[in-house]
Number of protein chains: 2
Amino acid sequence: MSQARTLNDVAKHANVSPSTVSRILNGTASVSPDKRKSVEEAISLLGYRPNLMAQALAKGRSMTIGVVTQAISSPFYGETFVGIEQGLASSGYHPMFISGHWRAEEEREAVDILTSRRADALIILGGNLEDDYLLKMAESLPIVTVGRTVQGLEHQSINISQEDGAMLGMRHLLDLGHRRIAHISGPPSHRDAIERFTGYKNALAEYGIAYDPELVLEGNYQERAGLLATEQLLSRRTDVTAIFAANDQTAMGARLAMFRRGIRVPDDMSLIGFDDLFASGYTTPPLTTVRQPGEDMGLAAANMVFALLEGHRPKPPRLSASLIVRESTSRLRFA
Amino acid sequence: MSQARTLNDVAKHANVSPSTVSRILNGTASVSPDKRKSVEEAISLLGYRPNLMAQALAKGRSMTIGVVTQAISSPFYGETFVGIEQGLASSGYHPMFISGHWRAEEEREAVDILTSRRADALIILGGNLEDDYLLKMAESLPIVTVGRTVQGLEHQSINISQEDGAMLGMRHLLDLGHRRIAHISGPPSHRDAIERFTGYKNALAEYGIAYDPELVLEGNYQERAGLLATEQLLSRRTDVTAIFAANDQTAMGARLAMFRRGIRVPDDMSLIGFDDLFASGYTTPPLTTVRQPGEDMGLAAANMVFALLEGHRPKPPRLSASLIVRESTSRLRFA
DNA sequence: CTGAAAGCGCTTACAG
DNA sequence: CTGAAAGCGCTTACAG
């Protein structure tokens, strides 16, 4: 193990004081050209790299933005990660992702890990942390939430209306003539899952269609649950002509269940998802879905963090869901 | 912003020296029960959380494991991330992911960021960093590579034989009677893509089939390239009965191209992928593929890091590819 | 078992 | 423009 060089090594080598080296490194004061030159030479000669831990301690800034995510391999959050990465790029700040797996307790641990590391700000992606907890945190640390808006922290929240998104998808189905539309929900404990379900019911009401509880099945945002729910649905109802899945992963499971029964999509049944995962453009048939701009949300979160860090009040951009019509939905053939 | 409490605050509150508090925190010496008690009370009373930055500086250990990945939203690496997370869980170490996007320069930046932060070890996932560079790094820092094995660093590399994996997939196709098998490659600059291609050719040779360059198309591991390559292939050859895609994402693109042309899978054409992404079990039809145990590889990497950190020579487990037969391949109907 | 002191590698008033 | 000194919040020999 070769010893890492220190600021002091550089100073000695360049015959200046550590202070001067520090000032050059930070561009924090003007320095005579010749000293600057010899310092720069010493730096490259020694291959010096500042110790971020020491800097963090001295400056009181760790240059890390903690992001508590739910699953590091989630296809939806993955797009948000990319947005955060890009938003933070070349700012000197770097994200540190810790997974909470939708369990409030684990999420609190994630927050503890991040605050122990003195993250300069936190980005909270969805999850089940209580509003009160978040509100309290926000008093001592810049935090922005993504995919949920906290009462009293609206300007630090970036979100779309899940309900509006769901209505967008439902109206599409309704306008195509579908009336018996099933819904496979997300986890009943998830805010956004509830909102999407609400959108489903509202759209039905808007079109004057009676809500039929037998048509809604509980899922959990995972493919397998979509598959199981659809099997169950198909075995007890034969009049359903379309399914509104709570997210694309659920839709994939539903798609497979239909495939197994020889039900053609969209000829025999229409299917619509939510999120617009990258992969959804490559399913067969390509999936019609409600797009949630995950990457833009991540980007916005990064920018809001910057605003907070500079003491400004962030201005969350107005982002919204949009309908992406592909090939898994079609006009009802025979009513 | 409420001030974060320090070790000193706790010490004063408990009427002991900072040293004692530190020792209690680290379990580094036995302390009288009453002092321990009052210290613990002070800690919870003040809500004290140790400053990891300060600890890192004092101990010379940051407790972070740097992982240079290529894309934070990659479905394949995502599984490896999960393995790393799990492997590191409750060890006190935490991963920090930085993306290199398969560009050596960016990857080197990622390494610099991580060493500046004094990562205690590095996990390198694939990528294009030069062997020499990695070898040099390894002299001063514990590093383990995943998905590539570096000459002279074999016991710090965890990998499967991509070539063997490809042969597994090809033999499956060959045994089903297929003879005109196309290959859509990964990026020609990727080690693993080259190995998979080699496996393709070797399998052909093994079965005494002449290699036909017109049957191999260049891809880049992305869906879109798989789609385009397949369109190209289908427009110039009508005798192909199976496609071996360099990875599952490529296979998805190929699948869509076939769908567009009304080619049934596997009735008209067989399709096989590589990786076994989680989503591949939910495509229509579910995809036959060569499984690469991404999560196990991540887990193994974490364990190898521990070994290195403890000064042991890591023993990489023997992991290998396996064939997952699902429904996208079938016996050749008519020859 | 416990404390005072020095040190980890930086930064930043404070002087000049 | 530049240096000496103190400090960031811990840890860890060194004494006792």
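Keep in mind that the numbers below use all heavy atoms, side chains included, and drop hydrogens, waters and symmetry copies. Proteins get letters first, then strands, A, B, ... in listed order; numbering begins at 1 in each.
A side-chain N or O of A/Ser32 and one of A/Asp34 form a donor-acceptor pair less than 3.5 Å apart. Side-chain contact, B/Asp275 with B/Tyr221: no donor N or O sits under 3.5 Å from an acceptor N or O.
Each of B/Thr20 and A/Ala54 was matched to the nucleotide of DNA chain C holding its nearest heavy atom; the match closer to the 5' end belongs to B/Thr20. Projected onto DNA chain C by closest heavy-atom contact, B/Val16 and A/Pro18 fall at different nucleotides, the more 5' of which corresponds to B/Val16. Nearest-nucleotide mapping onto DNA chain D: of B/Arg23 and B/Arg49, the residue sitting toward the 5' end is B/Arg49.
Look at NZ on B/Lys12: it is 15 Å from P on C/dG3, rounded to the nearest Å. One atom, CZ of B/Arg61, and another, P of D/dG9, lie 21 Å apart when rounded to the nearest Å. With rounding to whole Å, A/Met63 atom CE is found 12 Å from C/dT11 atom P. Going from atom CG of A/Leu7 over to atom P of C/dC8 covers 13 Å, rounded to whole Å. In this structure, B/Met53 atom CE and C/dG9 atom P are separated by 16 Å, rounded to whole Å. Taking atom CG of A/Leu25 as the reference point, atom P of C/dT12 lies 12 Å away to the nearest angstrom. Per the geometry, CZ belonging to B/Arg5 stands 11 Å off P belonging to D/dG9, to the nearest Å. At whole-Å resolution of the value, CD1 in B/Ile24 and P in C/dG3 are 10 Å apart.
Contacts of B/Thr6 with the nucleic acid, taken as non-hydrogen atoms under 4.0 Å apart, involve only primed sugar atoms and P, OP1 or OP2. Residue contacts shown for B/Ser22 include a base, since a base heavy atom lies under 4.0 Å away.
Using the Watson-Crick or G-U wobble rule with both distances under 3.5 Å, C/dA13 pairs with nothing in any strand shown. Taking a pair to require two hydrogen-bonding distances under 3.5 Å in either a Watson-Crick or a G-U wobble arrangement, C/dA4 remains unpaired.
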Just do the side-chain hydrogen bond (donor to acceptor under 3.5 Å, both in side chains) check on B/Thr20 and B/Ser17 with the steps written out, would you? CA-CA 5 Å; B/Thr20 298; B/Ser17 73; 3.2 Å; yes
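Here A/Asn8 does not reach the OP1 or OP2 of C/dC10: none of its side-chain N or O atoms lies under 4.0 Å away. Residue A/Ser17 places none of its side-chain N or O atoms closer than 4.0 Å to OP1 or OP2 of D/dT2. Distances shorter than 4.0 Å separate none of the side-chain N or O atoms of A/Gln55 from OP1 or OP2 on C/dG9.
Comparing C/dG3, C/dC10, C/dC8 by their closest approach to the side chain of B/Leu57 singles out C/dC8. Among the nucleotides D/dT11, D/dC8, C/dT11, the one closest to the side chain of B/Ala58 is D/dT11.
Inter-residue side-chain proximity for A/Gln162 and A/Arg191 is flagged as unmet; no heavy-atom pair is nearer than 4.5 Å.
For the side chain to side chain contact (heavy atoms under 4.5 Å, CB included) with A/Val305, the lone residue among A/Ile143, A/Ile123, A/Val67 that qualifies is A/Ile123.
A 6.0 Å sphere centred on NE2 of A/His101 holds more than 12 heavy atoms belonging to other residues, nucleotides or ligands.
The CD atom of A/Gln156 lies 9.5 Å from the CG atom of A/Leu134; values are rounded to the nearest 0.5 Å. Here A/Met53 contributes atom CE and B/Arg117 contributes atom CZ; the two are 6.0 Å apart, rounded to the nearest 0.5 Å.
Using a 4.0 Å cut-off on heavy atoms, none of the residues of residues 32-40 of chain A approach DNA chain C.
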